[in-house]
Amino acid sequence: MEEVDKILIHALKQIGTDVSEEISSINQFSSELIVKAVVRCIQVINPGLGSPLPSSLPPAMSARFRVGMSLAQACQELGYKGEIGYQTFLYSSELEIRSLLMFLVEKLPRESSEASDQPTGKSVVLQRAIAAAIKAQLSVPWLPMNCRLPLHTETQSAGPLHSFHTLPLSLPYSSTGLGDKYEKEEKEYQRDFLLPVTAQISHQPSMVASILEHHTTVLSAVQQWDNEWNSQGLLSRLTPQEYRARKMARLRKRIKEQLRSNAHPSPEGSFRSSHSSNDLSEVLQMFKSPSSSDHILTKGTHFTHTQKFTFEQEPAAVTSPVPTGRQSDGDVQQRQQAEIESLQQQLQQLCTEIEQLTTDMKHMSVTHTQVLNEIKQKELMNKETEDKIQVKKKTLDFLPDSDNSLQKLQAQVEASAARLVNLASQWEKHRAPLIEEHRRLKEKCSNQELESSRKLSEIKSMQEKIRVATEEARKKEDIHKQLVTQLENLPKDVSRSAYTQRILEIVSNIKKQKEEINKILSDTRELQKEINSLTGKLDRTFAVTDELVFKDAKKDESVRKSYKYLAALHDNCNQLIQTIEETGTILREIRDLEEQIETENSNKTVANLERILEDYKAIRQENSVLAAKIKEG
Amino acid sequence: MELSECVQRGLQALAEPSSVDQSGFQVLVDATFRSLLSAHADSGVLDLPELKQVDQILLKQIHTATTTFILEVVKHNSDKSTISSCLEDLSFSTDRIEIFYTAYQVHVKLRYDQSPFFFSFCSIGRQAPHINDVSWRLEYHMKNAHVNKVNEPCYLISLNTEKEGSSEDVSFTCTVEQLQDLVGKLKDAAKSVERAGQI
């Protein structure tokens with residue numbers, strides 16, 4: 001109970017109730033303190049309800065009664081479900097006050113739980129840092145130039161003095177692992193003649209700027225390559241070097257085509273150059289990675305938007321008054337115009353001539369190809385006729401010796417046919433295992449493809465997991481840092497660990513008690529079962545013995561006596577059992593009554609009754625005084 | 001704070017006792033800070049007797065890596081815990097971290113607290129001139145040669161601005177509406193800055 005009281009007193013002190021230091025439990029609360037505490041709570045919870053309530057108990061009895069009633073009503077409006085009336089405040093009992101105060105303290109609005117649920121993303125942290133820096137700068141007061149301290153240099157005096165200007169640096173390459181890739185002369189240069197980085201640029205701001213820029217370029221190149229490799233490179237299933245080589249070849253080809261198409265002189269003269277630069281810039285746009293950062297700076301405030309709109313019209317207005325032309329420049333301009341026209345005419349002529357020549361050239365080349373084709377065809381025909389002539393000549397030679405040569409020819413034909421059959425069978429023999437090999441290798445290839453695609457998906461999922469895990473780890477670290485700083489900022493007057501320990505102790509105690517109760521219940525049930533079974537047995541045995549003895553009792557005198565003893569024994573035992581049961585119930589009643597006595601004792605009824613009597617007498621006095629006043633006036 | 005691979009390699013080489021021993025480490029760190037902060041480009045900054053036994057190419061790589069690291073630290077304005085954790089990840093031993101951090105404090109932090117102008121070479125950026133003072137004059141245009149009755153007020157405003165120590169006057173004239181517009185825009189800007197500081 002003391003912890004509850006301590007928490008209540010602490011909460012009341014936090015909202016502004018004036019509780020003195022010695023009061024440490026609800027028991028010691030006087031009626032005034034109770035009224036003050038309740039009024040303050042109601043004011044904090046609901047200022048509208050709390051404003052008409054007085055903050056302390058007035059001395060007059062009727063006023064006190066009224067205040068009590070209004071407080072009770074306010075508490076009921078807030079939703080307190082217990083019995084409440086003026087008596088809770090004027091003639092208080094500890095339990096009622098405790099429950100009422102607990103209800104009110106729980107209803108107090110919570111302020112501190114909102115600040116801890118903020119997201120901890122990188123951009124949020126950056127924004128918070130920016131906001132803090134702006135706040136710090138705003139808080140520095142403006143001083144005239146002669147009074148300025150170094151504190152003001154950033155925002156009020158000179159400010160940055162140098163513009164960001166970078167120059168190329170030459171850095172020594174790493175020698176680990178690449179070994180002999182770099183020439184001996186290059187290594188000698190790096191060792192003996194290459195200046196250290198800080199000495200390569202004599203203008204210090206440029207040196208700083210160049211070093212920072214080089215570092216950032218390297219970092220961003222690595223990041224871009226990572227992004228591209230993870231998105232497109234893995235899909236192409238090439239090694240990194242092959243992927244890079246292929247990409248470079250592709251880019252070179254494109255640039256070559258673009259330059260070639262723009263290098264041809266075009267008939268429209270100067271207008272084409274702006275066109276081609278547009279195409280070139282489009283081609284360069286295509287080279288950019290798909291996740292371009294165009295949309296970072298599109299969000300602007302109201303201020304920047306209005307600035308954009310109002311200043312767009314001004315340059316137009318500014319440029320129009322300029323070309324009014326003065327008298328002395330007119331001639332020069334006219335002459336220049338005439339020159340331009342003549343030159344353009346010449347250019348036009350040359351262009352038309354060139355066009356003609358190109359069309360002639362095309363014609364010629366077309367006829368040239370045609371003629372070549374004809375020649376080829378004629379040559380083919382020539383060859384065919386020559387072959388025919390040869391065959392005819394040979395047959396003519398064979399004619400005189402016709403029979404012999406016919407036989408020879410037939411024999412040759414048969415021999416070549418036999419050879420053909422032989423070769424065909426050999427080829428068949430050779431073909432079969434080769435086909436087998438072919439099939440086997442194809443299967444292996446497809447299996448490998450399956451394997452590689454499976455491994456690819458595994459790699460992807462692993463990368464996802466890695467990314468998710470690192471993000472979570474980072475998030476948890478940030479949250480941890482934030483919570484640690486928050487923990488340090490929390491007020492230290494109430495020790496939470498003591499409460500949590502008590503709560504855990506109580507929970508374990510309750511668990512133990514529950515177990516014990518369960519045990520006792522099971523014991524009781526078992527006992528009850530035993531009692532039931534025993535009574536049953538007893539009844540049965542008694543009935544059996546009764547019958548037996550009764551049967552024999554008719555004949556024998558001693559058996560009759562023993563029967564009477566048996567009956568008496570049975571009755572007496574029954575009575576014993578009954579008395580024991582009654583004693584048990586009476587003991588239980590005694591315990592209940594004792595508990596009731598205790599609760600009644602804590603109600604301080606006697607003291608309250610005395611106070612009520614006194615108050616009643618005071619009210620009667622006031623009533624008579626008021627009646628006398630009315631009679632007089 | 002992210003570091004590129006060459007910088008990481010250079011710093012790891014710096015941390016290894018086999019490539020740079022203890023006396024060489026101290027001398028090298030001091031020399032790096034001095035080379036970064038001196039106004040003249042001193043090409044002999046690494047010609048020190050204690051560093052003769054270190055391979056020259058490796059020495060230059062370490063020097064580049066350390067200079068980049070120092071500049072990144074200054075750029076992010078990191079505190080001791082960030083620097084120590086960064087160097088620990090690159091396998092620096094604790095006493096080497098201590099030596100580095102004391103050198104950083106001596107050369108950079110304390111000097112900055114004493115006189116920020118020492119680091120004017122590091123202030124890179126652009127800024128518009130600051131407005132220090134305003135003088136204004138109100139004119140009333142009554143007549144001119146073409147129109148008999150004009151009756152218009154007109155402001156002549158001269159802003160005393162200051163840029164890099166030299167002050168300059170920016171003067172212009174404007175009507176009442178234009179001046180109201182300007183004041184409205186200034187108030188808008190002030191509110192935007194306040195709102196940005198409150199997030």
Side-chain angles (χ1 to χ4, degrees), chain A residues 127-128 130-138 144-145 150 153-165 169 171-176 187 190-192 194-205 207-209 211-212 214-216 218-219 221-223 301-304 306-307 310, chain B residues 2-7 9-10 32 35-46 55-61 63-64 67-68 71-72 75 113-117 120-128 130 132-133 162-165 167 181 185 188-189 191-199:
Chain A
Q127 272 191 334
R128 266 194 239 148
I130 292 175
I134 291 181
K135 232 192 230 168
Q137 284 185 0
L138 281 177
M145 191 143 72
T153 45
E154 245 183 71
T155 49
Q156 292 180 16
S157 302
L161 296 176
H162 307 275
S163 47
F164 191 82
H165 184 65
L169 300 168
L171 299 178
Y173 293 107
S174 142
S175 58
T176 58
K187 277 200 175 166
Q190 285 180 12
R191 183 174 305 126
D192 298 328
L194 181 65
L195 296 172
V197 140
T198 46
Q200 286 178 19
I201 302 177
S202 53
H203 186 224
Q204 221 178 0
M207 181 252 297
V208 171
I211 294 181
L212 284 173
H214 173 86
H215 185 240
T216 324
V218 169
L219 273 180
V222 166
Q223 211 184 32
T301 60
H302 170 68
F303 183 63
T304 52
T306 50
Q307 190 188 43
T310 51
Chain B
E2 286 185 31
L3 299 170
S4 71
E5 236 193 274
C6 332
V7 171
R9 252 182 285 155
T32 318
S35 71
L36 196 54
L37 298 169
S38 68
H40 317 286
D42 184 13
S43 56
V45 74
L46 293 174
D55 172 33
Q56 284 299 311
I57 299 186
L58 184 65
L59 184 63
K60 287 181 183 153
Q61 286 167 7
H63 174 73
T64 315
T67 345
T68 319
L71 284 174
E72 288 282 324
K75 183 168 95 171
D113 289 334
Q114 284 166 11
S115 69
F117 287 111
S120 54
F121 69 87
C122 266
S123 62
I124 299 176
R126 286 182 196 280
Q127 210 180 46
H130 292 287
N132 271 341
D133 203 359
E162 176 202 350
K163 183 174 177 140
E164 296 174 21
S167 72
D181 197 23
K185 286 209 184 99
D188 232 354
K191 259 188 246 157
S192 304
V193 168
E194 264 185 43
R195 228 179 309 140
Q198 270 167 10
I199 299 176

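Chain letters run A, B, ... following the sequence lines, proteins first and then strands; every chain starts at 1.
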Taking side-chain contact (heavy atoms from CB on, under 4.5 Å) as the definition, give me every residue that meets it alongside B:S35, ordered by chain and number, with sequence neighbours left out.
A:T198, B:V45, B:H63

Would you indicate whether the side-chain heavy atoms of A:L219 and A:Q223 approach each other to under 4.5 Å?
no

Note, A:I134 side chain near B:E194 side chain (heavy atom, < 4.5 Å)
no

Below 4.5 Å, heavy-atom pairs only: which of B:L3, B:T32, B:T67 has the largest tally toward chain A?
B:L3

In terms of heavy-atom contacts, A:V218 and B:S4 come closest through CG1-CB, 3.5 Å

[X] versus chain A, the contacting section by heavy-atom distance below 4.5 Å:
{"X": "B:V7", "answer": "side chain"}
{"X": "B:L58", "answer": "neither"}
{"X": "B:K191", "answer": "neither"}

